[in-house]
Engineer: 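Once you've had a glance at the structure underneath, I'll fire off some questions.
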There are 2 protein chains.
Amino acid sequence: MTRQMRGGEAAGRPVQPSDTRRASKADQVYENIKEAILSGGLEPGVAIDKIALSERLGMSRFPITTAINRLAYERLVVIEPQHGSFVAKISAEDVRELMLIRRSLEAEIAGDAALRLGAEALAELERSLRYQEAAAAARDYAGFYALDVEFHRLIIVGAQLRHAKEILEGIRTHLERIRRLLLTPPGRLPNTLAEHRSVADALRARNPAAAREAMRTHLIETTVLFETIARERPNLFSA
Amino acid sequence: MTRQMRGGEAAGRPVQPSDTRRASKADQVYENIKEAILSGGLEPGVAIDKIALSERLGMSRFPITTAINRLAYERLVVIEPQHGSFVAKISAEDVRELMLIRRSLEAEIAGDAALRLGAEALAELERSLRYQEAAAAARDYAGFYALDVEFHRLIIVGAQLRHAKEILEGIRTHLERIRRLLLTPPGRLPNTLAEHRSVADALRARNPAAAREAMRTHLIETTVLFETIARERPNLFSA
DNA sequence: GCTCAACAACTAGCATGCCAGACGCTAGTC
DNA sequence: GACTAGCGTCTGGCATGCTAGTTGTTGAGC
């Protein structure tokens, strides 16, 4: 549905580059708190003090409340009425489920993309792969991770799937939080690169079934990684 | 992440039955407007007059604003800052994409459910199928539709997938809106019943691949139906 | 020492008033 | 007649104070 929306208002989605409108205060607070939660600055379970926050940021409680409502919708914050707002905890079970969703969606999208991607999009993927190779050679883990995210995003955007993009971004937000908390080691980098290559090959060949399978395989490997690490550090998860 | 949340506050999700807490005013307004949009009482594109609404419902603008923010997050409403809030329009392209998402997710979930569903959940599915047969025999289309929705929900809940449940409910909201606008004829009812039966059979056999395929086939048929109808009535869609 | 009820100190929810920005209309100009 | 500038009126965004509900505490009674 969705005419396009202004700079993130009433939604947690990234601002369209074409949208020159300034961000509202609620938008700023939203980004602010979200980043704090993702980075671990705000640990799971801690209460968010709206009044202190409003004083610190020099604004009224209204934008804070709006922002927290948004975060609650994304399940990054839990609101207990007449009691308080708290940073949502993490459960190990979520990893399994979020990856299941991501796996099924991205596999299907890859199949769709094999039929719909234009030459330009394919070229962009190819370029991304080159950068990934360079980052891998340079052992630039942070850079590679950013390119990894971008690679997946390119496929979704290329297939022109707005809703799926939003859903997957919401999922990635949660996975990103877990990833940062766990400090996922970048040991699988070469495998990831090879798997990306397989996906791109299938897309270029316009083979939907192969693209689906390649993406599914790739994300199964990622799931295994997540779950292995989660098992090694159970203390970070709540019941 | 998600401790469970109170009666829908800051989210558009259904109230947990275990949650006895009363709904806030914002919750009520949210349900109110949502139902109006889904039923077509509020047509795509019309402006929502917050002040008139607050006067009519006997409350301040605050709960209205909160509710509309929530609806904007769900893409049922579009907020144009300093200008107005409008009922979101519908695009034909959305049908394709929403069904793609639903198809991939529910297929994967069916595969998961084949491994995880307990005897009780399987029995519930069986009972649902009996009711569906009864509704089909009685030509009770509305009843069958409700059972249809319930059938899919049972599988998701049985697989204990909270996030997927929420995502799919959001998607169903949009599809439901389209369905009602289009007044989808119930002609495929016998086929639907047979397809449901196939899914349940595969689940009982604990065969993930078969369950995935059965669900995928079922939803591909549904997609075709949606798109056929959408083609016949293009005037209902915006560009 | 234990129980439980009353209270104090919080919170989110809500009401209300104001402000700034967007849009439509009109009047003035060419 | 067409166009544009400016003004009025609408909207959402925000500030602030109040209300009601939850929770932890404390102290009285046993």
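Hydrogens, waters and symmetry mates are skipped; everything else that's a heavy atom, side chains included, is used.
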Engineer: Determine, for A:Glu176 against A:Arg179, whether the closest basic-nitrogen to carboxylate-oxygen distance falls under 4.0 angstrom.
Structural biologist: yes
Engineer: To the side chain of B:Gln82, which of D:dC14, C:dG21, D:dA20 is closest?
Structural biologist: C:dG21
Engineer: Between C1' on C:dT11 and CG on A:Asn69, what's the gap in Å once rounded to a whole number?
Structural biologist: 14 Å
Engineer: With a cut-off of less than 4.0 Å, is there a side-chain N or O of A:Lys25 near OP1 or OP2 of D:dA15?
Structural biologist: yes
Engineer: Return yes if some donor-acceptor pair links the side-chain N/O of A:Glu97 with the main-chain N/O of B:Ala164 below 3.5 Å, else return no.
Structural biologist: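 Indeed, once roles are kept as given, a pair shorter than 3.5 Å links the two residues.
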Engineer: In whole Å, what is the span from the CZ atom of A:Phe86 to the P atom of D:dT22?
Structural biologist: 14 Å
Engineer: Can a salt bridge be assigned to the pair A:Asp112 and B:Arg96 using a cut-off of 4.0 Å between side-chain N and carboxylate O?
Structural biologist: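 Salt bridge present between A:Asp112 and B:Arg96.
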Engineer: What is the distance, rounded to the nearest whole Å, between atom CD1 of A:Ile79 and atom P of C:dC10?
Structural biologist: 20 Å
Engineer: Figure out the CD1/P separation between A:Ile64 and D:dG13, and round it to whole Å.
Structural biologist: 16 Å
Engineer: Counting only non-hydrogen atoms, which of residues 51-61 of chain B are less than 4.0 Å from DNA chain C?
Structural biologist: B:Met59, B:Ser60, B:Arg61
Engineer: To the nearest 0.5 Å, how far apart are NE2 in B:His163 and CG in B:Leu105?
Structural biologist: 12.5 Å
Engineer: Nearest heavy atom decides the nucleotide; on that basis, is B:Asp49 or B:Phe62 closer to the 5' end of DNA chain D?
Structural biologist: B:Asp49
Engineer: As an exercise, state the distance from CZ of B:Arg162 to CD of A:Glu93, rounded to the nearest 0.5 Å.
Structural biologist: 8.0 Å
Engineer: Between B:Phe62 and A:Phe62, how do the two ring planes meet: parallel, tilted or perpendicular, split at 30° and 60°?
Structural biologist: perpendicular
Engineer: If you pin B:His83 and A:His83 to their nearest nucleotides in DNA chain D, which one's is more 5'?
Structural biologist: B:His83
Engineer: Could you check whether A:Ser85 gets within reach of a base, just the sugar-phosphate, or nothing at all, counting any heavy atom under 4.0 Å?
Structural biologist: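 Counting heavy atoms under 4.0 Å across all strands, the contact made by A:Ser85 is with sugar-phosphate only.
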Engineer: From CG of B:Leu71 over to P of D:dG12, roughly how many Å is that when rounded to an integer?
Structural biologist: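 Those two atoms, CG and P, are 13 Å apart.
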